[in-house]
There are 2 protein chains.
Amino acid sequence: MVSTLKPQLGANPERARSHNKQLVLRAIRHVGAVGRAEIARASGLSTQAVSNIISDLLGEGLLIEQGVRSAGRGLPVQQYAIKPDGGYAFGVEVRPTAVFTALVDLVGTPVLTRRIPLHSAAKSTILETVKAQLHCALTEAKISKGALMGAGIVMPGPFGDTGLTGTASELPGWNIGDPAEIFANTLHLPVFVENDANAAAMAERMNGVARGLDDFAYLYFGQGLGLGLVQNAQILQGAFGNAGEIGHIQVFVDGHAVELESATSRLSVQACLAREGLEVTNMEDLISLYSSANRHLLLWLDKAAQALSSALSIIENLFDPQTVILGGAMPDVILDHIIARTALPERSVSNRPDRAHPRLMRGTSGRMTATLGAAALVLHQAFTPTIAEAR
Amino acid sequence: MVSTLKPQLGANPERARSHNKQLVLRAIRHVGAVGRAEIARASGLSTQAVSNIISDLLGEGLLIEQGVRSAGRGLPVQQYAIKPDGGYAFGVEVRPTAVFTALVDLVGTPVLTRRIPLHSAAKSTILETVKAQLHCALTEAKISKGALMGAGIVMPGPFGDTGLTGTASELPGWNIGDPAEIFANTLHLPVFVENDANAAAMAERMNGVARGLDDFAYLYFGQGLGLGLVQNAQILQGAFGNAGEIGHIQVFVDGHAVELESATSRLSVQACLAREGLEVTNMEDLISLYSSANRHLLLWLDKAAQALSSALSIIENLFDPQTVILGGAMPDVILDHIIARTALPERSVSNRPDRAHPRLMRGTSGRMTATLGAAALVLHQAFTPTIAEAR
DNA sequence: GCGTTAACTCAACTTTCTTGAGTGTTCAAG
DNA sequence: CTTGAACACTCAAGAAAGTTGAGTTAACGC
């Protein structure tokens with residue numbers, strides 16, 4: 001029996017150190033400013049070990065001293081915080097008609113964002129554009145390539161040849177080869193590839209309403225509707241990287257079964273309004289229709305909320321998340337309206353009296369959500385201990 | 001801001017060793033018999049380190065030498081394998097009317113199984129019964145308590161106070177306090193608590209059709225219908241331990257929306273046949289009805305397959321598993337029939353041409369599946385590297 | 001036969017963590 | 001106001017575990 005062993009990392013002093021460094025960074029990021037003793041208690045390491053690690057991190061420019069706090073008796077705590085310019089992450093969102101890029105610093109603050117129209121969706125064009133934009137961004141922000149920790153790429157899923165291939169949002173030519181590897185070879189950087197929903201979820205976890213949450217679901221309004229799943233502080237990818245393809249499951253609207261995406265997505269609202277002779281091309285159009293209480297839009301919103309209620313029941317019962325977040329390329333007012341109208345299923349494991357978070361929340365909205373999420377993938381990696389990471 | 005830091009383990013030499021030991025055990029279990037060099041390559045450790053660890057494990061009685069294999073040139077490999085009597089795991093399944101127990105060895109072979117009727121479903125009765133049965137099993141199998149690695153407990157979910165509370169299968173009195181802690185204090189052993197579906201999934205992974213799979217879903221026919229989810233070699237538990245409550249989601253049968261569990265479960269088939277005046281109390285009744293091609297049973301099977309097809313679409317698109325396994329307390333013939341009749345959704349990320357496993361497979365069936373799964377929880381723990389385990 | 005290949009061992013070395021003693025600061029009780 | 005307990009942190013010695021590189025043994029193939 002020649003069964004291949006899945007490579008998994010054993011622990012040696014070097015990797016242990018790297019693991020502990022990320023653990024310390026993560027702890028500091030989590031609370032903003034902490035002392036060494038507290039980190040030691042939380043990590044199960046000795047204060048001495050934490051002290052040594054912090055002195056390392058200070059040397060690497062990833063931390064700054066953040067004043068002393070006198071907490072009751074004893075010597076006041078020397079606190080530390082993440083140094084914002086200690087590192088940068090590049091985020092890229094690839095769409096058929098344009099490439100969006102963002103450069104964010106170590107705490108997740110965007111330094112620069114760009115939208116570059118594509119004259120062709122060819123693979124080579126995309127690779128060249130991304131590469132050019134990366135150098136452009138570094139030059140403009142006066143950041144050395146050494147300070148760049150990696151690039152996150154958002155691409156429309158599903159990846160590989162599946163039963164959903166043929167969907168509108170797809171890019172040609174990416175079915176063969178591993179996109180992460182292709183980008184890594186082009187950019188000479190660590191690269192992380194995810195779909196828009198997963199990336200948006202990470203963005204929300206880094207600097208949004210999901211901050212500090214380790215188990216949540218994120219419904220992302222893009223072209224269609226995607227589901228980003230964070231379980232145990234990690235993105236749930238599935239065996240082939242296509243988990244969260246929620247758009248094509250059947251839900252109920254007015255007693256009929258429809259594909260979720262056909263009731264709840266940007267394409268859906270555009271199509272619905274187009275049938276009424278209303279052309280909607282951007283978010284502003286939607287906002288103005290909404291503020292004028294357009295009947296057709298309100299009708300669509302009701303159906304979307306119904307569909308969402310079905311989806312919510314499925315998500316809650318299958319994942320038992322801390323909360324479900326709604327976000328993406330839709331105006332705030334629209335998302336808020338949908339959330340207010342979505343019936344929270346009673347027969348759900350999430351219908352518990354001792355909840356700490358609402359069952360449905362609005363996340364960051366707007367066109368850049370996924371792009372910032374792409375950058376967040378890199379930051380997440382930097383703050384996640386690596387030993388025993390199976391992939 | 002007083003934000004509590006989530007305890008997560010830092011790496012020190014001791015924990016690193018324990019991590020590496022489990023890594024080595026896992027590798028050996030995975031392929032059955034391996035040499036040191038191969039493990040070293042797979043784990044990223046030096047052969048020397050692996051050698052030292054193996055000599056430790058031999059001393060602890062967890063491994064045995066397993067002959068030499070000459071693999072081409074070079075010195076023949078000294079192979080090692082898990083020593084079956086190197087340790088034991090106790091599995092318990094608690095139901096309202098009876099407690100099932102199993103004692104399995106380190107490779108998962110059952111040494112002894114029992115069914116103990118309960119005269120009361122009171123918490124104290126259950127605890128006492130389990131404790132007595134544990135000692136009973138150890139005595140009978142002539143195994144010292146020191147060789148016992150832990151106990152796995154299967155209890156009907158959902159845990160805690162949820163919107164599904166009030167379901168038939170529940171046990172009274174367990175909503176307060178952590179069941180795992182309660183059992184651990186009673187049995188003085190490491191304890192792992194899961195629902196039936198998750199446990200059954202682990203059983204299948206240890207010694208069944210899911211052997212070697214790291215991402216799969218397991219649909220478990222119990223009283224109702226449960227979903228066990230294994231993602232990245234770990235059970236997906238959800239934020240509150242209630243992930244996989246698939247029984248209450250809405251699916252389509254003959255164009256109508258019904259709760260999945262009402263179309264596909266033991267209670268469902270019993271109720272359906274009872275309406276026709278047929279009383280079914282055990283699996284043998286079902287088998288004989290099936291072999292006589294009972295019209296009502298066949299009708300029910302068709303509806304069950306329809307419902308399952310909807311569920312399959314949801315599971316595949318949300319989790320993107322390697323395969324979906326059907327198993328539990330139903331006869332093989334029934335499961336096989338359902339599998340044969342279940343339409344595999346076309347619009348699914350799992351509908352890919354390059355599949356290595358069927359989309360729907362039959363797992364171990366029979367009443368003991370979940371009980372053996374309970375024991376498998378302990379074994380899984382023993383073979384899973386621990387550093388950075390977040391829970 | 002003899003050189004090549006490969007698994008494994010031995011002994012010295014390196015990294016990292018831990019331990020325990022010691023220092024400095026703050027608060028509270030006498 | 002003094003004294004002692006509490007607490008964060010540092011220093012130096014020691015321990016645990018992995019790595020490295022040289023050496024040994026055995027099988028294969030020309």
Side-chain angles (χ1 to χ4, degrees), chain A residues 5 8-24 27-28 31 33-60 63 65-80 385-388, chain B residues 5 8-24 27-28 31 33-60 63 65-80 385-388:
Chain A
L5 275 177
Q8 184 159 7
L9 288 189
N12 59 20
E14 185 188 340
R15 291 199 278 255
R17 176 63 148 214
S18 147
H19 172 96
N20 289 344
K21 267 188 189 170
Q22 281 160 308
L23 199 65
V24 167
I28 293 176
V31 288
V34 237
R36 282 161 274 198
E38 193 177 347
I39 296 173
R41 281 189 297 267
S43 62
L45 293 171
S46 62
T47 43
Q48 184 58 63
V50 173
S51 254
N52 294 340
I53 289 166
I54 283 190
S55 125
D56 261 29
L57 293 173
L58 281 171
E60 292 168 29
L63 291 183
E65 298 193 343
Q66 182 86 326
V68 280
R69 175 176 48 106
S70 104
R73 282 188 180 177
L75 202 144
V77 205
Q78 171 62 58
Q79 296 186 121
Y80 296 89
T386 47
I387 294 186
Chain B
L5 273 177
Q8 186 161 4
L9 289 187
N12 60 20
E14 187 187 339
R15 290 199 277 256
R17 177 60 150 219
S18 147
H19 172 97
N20 288 345
K21 268 187 189 171
Q22 281 159 308
L23 199 66
V24 167
I28 293 177
V31 288
V34 236
R36 283 161 273 198
E38 194 177 347
I39 297 172
R41 281 189 295 266
S43 62
L45 293 171
S46 61
T47 42
Q48 185 59 60
V50 174
S51 253
N52 294 339
I53 288 166
I54 283 189
S55 123
D56 261 30
L57 292 173
L58 280 171
E60 291 168 31
L63 289 184
E65 300 193 341
Q66 181 86 329
V68 278
R69 175 176 48 103
S70 93
R73 285 187 177 179
L75 201 142
V77 269
Q78 170 63 59
Q79 296 187 121
Y80 296 90
T386 46
I387 295 186

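Note on naming: letters A, B, ... go to the chains in the order of the sequence lines (proteins, then strands), and numbering restarts at 1 for each one. Since the model is a prediction, treat every value here as computed from it, not as a measurement.
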query: If you find the nucleotide of DNA chain C closest to I53(A) and the one closest to S51(B), which residue's nucleotide is nearer the 5' end?
result: S51(B)
- prompt: Above 12 or not: heavy atoms from other molecules or residues under 6.0 Å from CD of E14(A)?
  reply: no
message: By nearest heavy atom, map R36(A) and A11(A) onto DNA chain D; which one lands nearer the 5' end?
response: R36(A)
task: Give a yes or no on whether a donor-acceptor pair under 3.5 Å exists between the nucleobase atoms of dC8(C), that is its base, and the side chain of Q78(B).
output: no
message: On DNA chain D, does the nearest nucleotide to A49(B) precede the nearest nucleotide to L75(A) from the 5' side, or the other way round? Give the residue.
response: L75(A)
query: Is the shortest heavy-atom distance from the side chain of R36(A) to the side chain of T47(A) under 4.5 Å?
result: no
task: Return the value, rounded to whole Å, for the distance between atom CG of L23(A) and atom C1' of dC17(C).
output: 14 Å
statement: Winner on side-chain proximity to R73(B), out of dT5(C), dT10(D), dG18(D), is dT5(C)
query: Is the shortest side-chain N/O distance from R17(B) to OP1 or OP2 of dG18(D) below 4.0 Å?
result: yes
query: Where the side chain of S46(A) is concerned, which of dA7(C), dC10(C), dT19(C) is the nearest nucleotide?
result: dT19(C)
query: In whole angstroms, how far is the C1' atom of dC17(C) from the CD1 atom of I387(B)?
result: 12 Å
- prompt: Got I39(B) and I54(B) here, is their nearest side-chain heavy-atom distance under 4.5 Å?
  reply: yes
task: Report which part of the nucleic acid N52(B) touches: base, sugar-phosphate, or nothing (heavy-atom distance under 4.0 Å, all strands).
output: nothing
- line: Out of dC8(C), dA8(D), dT4(C), minimum distance to the side chain of V77(A) belongs to dA8(D)
task: Measure the distance from CD on E14(A) to P on dT19(D) and round it to the nearest whole Å.
output: 9 Å
statement: With the side chain defined as heavy atoms from C-beta on, P76(B) is closest, among dT5(C), dA6(D), dA26(D), to dA26(D)
message: Can you measure R15(B) atom CZ to dA17(D) atom C1' for me and round it to whole angstrom units?
response: 14 Å
task: Report yes or no: does N20(B) contribute a side-chain atom to a donor-acceptor pair with the main-chain N or O of G10(A) at less than 3.5 Å?
output: no
query: NA contact type, A16(B), heavy-atom cut-off 4.0 Å: base, sugar-phosphate, or nothing?
result: nothing
message: It should be established whether R41(A) places a side-chain nitrogen or oxygen under 4.0 Å from OP1 or OP2 of nucleotide dA8(D).
response: yes
query: Contact class for S70(B) vs. all strands (heavy atom < 4.0 Å): base, sugar-phosphate, or nothing?
result: sugar-phosphate
- line: Checking E38(A), Q66(A), R69(A), E65(A) against Q79(A) for side chain to side chain donor-acceptor pair (under 3.5 Å), the one that qualifies is R69(A)
Whole-Å gap separating P (dT15(C)) and CG (L45(A)): 19 Å
query: Between dT18(C), dT4(C), dA11(C), which nucleotide has the shortest distance from any of its atoms to the side chain of Q48(B)?
result: dA11(C)
query: Can you check the I54(B) CD1 to dA17(D) C1' distance for me, whole Å?
result: 16 Å
query: In whole angstroms, how far is the C1' atom of dA16(D) from the CG atom of D56(B)?
result: 12 Å
task: Grab the CG-P distance between N20(B) and dT16(C) for me, whole Å please.
output: 16 Å
Residue-phosphate contact under 4.0 Å: N12(A) side-chain N/O, dT15(C) OP1/OP2: no
message: With a 4.5 Å cut-off on side-chain heavy atoms, are R15(A) and T386(A) touching?
response: no
